[in-house]
Amino acid sequence: MQSMVLHPAVMKTKSMRVSEGSGFAASSALQTKELSVFYGEHQAVNQVSISFRKQSVTALIGPSGCGKSTFLRALNRMNDDIDQCRAEGEIYYEGIELHSERVNLHEVRKQIGMVFQRPVPFAKSIFKNVASGPMRHGVKKQSELEEIVEDSLKKAALWDEVKDQLNTSALRLSGGQQQRLCIARALAMQPSVLLLDEPASALDPVSTAKIEELITQLKADYTIVIVTHNMQQAARISDETAYFYMGRVVEHGQTGQIFTNPLHEQTAHYINGRIG
Ligand SMILES: Nc1ncnc2c1ncn2[C@@H]1O[C@H](COP(=O)(O)OP(=O)(O)OP(=O)(O)O)[C@@H](O)[C@H]1O
Ligand SMILES: [Mg+2]
């Protein structure tokens with residue numbers, strides 16, 4: 001069978017080939033196959049198979065504790081950092097299975113960036129917050145770092161607000177600005193996928209609107225997966241929605257269909273506020 005080289009940047013060796021027999025769809029940036037995640041004996045994610053289309057926004061919704069964050073963290077192997085947490089099943093990124101021993105974890109997290117519910121800027125300058133990732137990955141030239149910082153802050157719709165204070169502490173920014181800074185920090189790594197875990201739930205309505213607008217803009221260049229408890233937000237910004245319940249995906253489809261004509265009664269109950 002013919003095989004092809006796909007996105008070798010995440011590989012430790014550039015020669016790994018991925019068989020077309022894996023069934024990976026080229027229109028997907030990321031795809032899971034029967035992905036399960038356990039904390040010790042407790043199974044938090046149960047055989048989830050889902051694919052995320054390139055340049056689309058997918059919202060993950062579902063009641064508290066149903067495994068959304070666990071699933072999201074599994075996608076760039078962030079759960080590896082949690083004791084007793086282990087995954088079974090497969091995750092394909094650009095056709096490469098991310099649990100393979102030959103995958104470089106730093107590259108995975110660089111290309112599949114993550115932003116959390118509470119912004120956690122480093123206690124450093126705005127400039128250093130954005131520049132430190134690329135510096136860690138070997139960018140040394142000041143002019144190049146300046147370019148990356150400006151570009152990332154512009155993409156995160158924060159540049160105009162901070163361009164005259166790049167050397168002040170990031171901790172002096174508002175919550176909404178800090179969250180956009182965290183998005184800029186992820187973008188500075190030149191990811192292709194962004195995982196956002198309730199990125200606006202700690203923010204005021206104006207900051208939330210900015211984040212939503214930003215996500216809609218970023219969709220042109222990135223694949224975005226966002227966890228949200230805000231049904232209006234999911235309806236406004238996502239192309240596809242997946243409803244999680246007790247570790248499983250009950251339903252996944254076009255957001256319009258999920259919100260107006262869900263296949264499962266349970267999905268309708270959740271969206272209408274009767275579950276969760
Ligand atoms: N670090 C951990 N150690 C052990 N169990 C965990 C850990 N994190 C989550 N869990 C458990 O895994 C299950 C799924 O949790 P998870 O945080 O993924 O849910 P969630 O859907 O993101 O919930 P929420 O909407 O409240 O953020 C829960 O039963 C939770 O108690
Ligand atoms: Mg969560």
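All values below come from the heavy atoms of this structure, side chains included, with hydrogens, waters and symmetry mates left out. All ligand and atom numbering here is 1-based and tracks the order in the structure. A quick note: this is a predicted structure, and the numbers were derived from the prediction, not measured.
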Handout entry: Other residues, nucleotides, ligands: >12 heavy atoms within 6.0 Å of Q142 CD
Key =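 Enclosed.
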Exercise for the section: Output yes when a protein non-hydrogen atom is found under 4.0 Å of atom 31 (O) of ligand 1, and no otherwise. Expected result: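 There is no protein heavy atom less than 4.0 Å from atom 31 (O) of ligand 1.
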Practice task
Report the distance from atom CZ of R248 to atom CG of N46, rounding to the nearest 0.5 Å.
Solution key: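 Going from the CZ atom of R248 to the CG atom of N46 covers 3.5 Å.
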Handout entry: Approximate separation, where rounding is to 0.5 Å, of R86 CZ and Q84 CD
Key =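 The distance works out to 10.0 Å.
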Among all protein heavy atoms, pick the one closest to [atom] and tell me residue, atom and distance.
| atom | value |
| --- | --- |
| atom 17 (O) of ligand 1 | S69 CB, 3.9 Å |
| atom 28 (C) of ligand 1 | G65 O, 3.8 Å |
| atom 29 (O) of ligand 1 | H42 NE2, 3.2 Å |
| atom 18 (O) of ligand 1 | T70 OG1, 2.5 Å |
| atom 3 (N) of ligand 1 | Y39 CD2, 3.5 Å |
| atom 26 (O) of ligand 1 | S64 OG, 2.5 Å |
| atom 21 (O) of ligand 1 | K68 NZ, 2.8 Å |

Exercise for the section: Please state whether the rings of H137 and H106 are parallel, tilted or perpendicular, taking 30° and 60° as the class boundaries. Expected result: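 Perpendicular: the ring planes of H137 and H106 meet at over 60°.
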Problem - L158, I183, V130 screened by side-chain contact (heavy atoms from CB on, under 4.5 Å) with S152, the one that passes - result: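 Filter result, single survivor: V130.
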Exercise for the section: Check ligand 1 against H229 and write out every atom of the ligand that is under 4.0 Å from a heavy-atom position of the residue. Expected result: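 Those of ligand 1 that fall under 4.0 Å from H229 are 24 (P), 25 (O).
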Handout entry: Pair E94 + K54: basic N to acidic O under 4.0 Å
Key =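 Yes, charged N to carboxylate O under 4.0 Å.
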Exercise for the section: Taking only Lys NZ, Arg NE, NH1 and NH2, and the carboxylate oxygens of Asp or Glu, determine whether D239 and K219 approach each other closer than 4.0 Å. Expected result: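 Looking at K219 together with D239, the answer is yes, because their closest N to O distance falls below 4.0 Å.
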Practice task
Say whether G62 and ligand 1 are in contact under the criterion: heavy-atom distance to a ligand atom below 4.0 Å.
Solution key: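 For ligand 1, residue contact (heavy atoms, under 4.0 Å) with G62 is absent.
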Practice task
For ligand 1, indicate whether the residue E198 contacts it via side chain, backbone, both or neither (heavy-atom separation under 4.0 Å).
Solution key: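 Contact part for E198 vs ligand 1: side chain (C-beta onward).
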Problem - Check against side chain to side chain donor-acceptor pair (under 3.5 Å), Y245 and Q266 - result: CA-CA 9 Å; Y245 187 72; Q266 205 187 9; 4.5 Å; no
Practice task
Compute the shortest N/O to N/O distance between F71 and ligand 1 and return yes if it is under 3.5 Å, no if not.
Solution key: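 In fact, backbone or side chain, F71 has no N or O that close.
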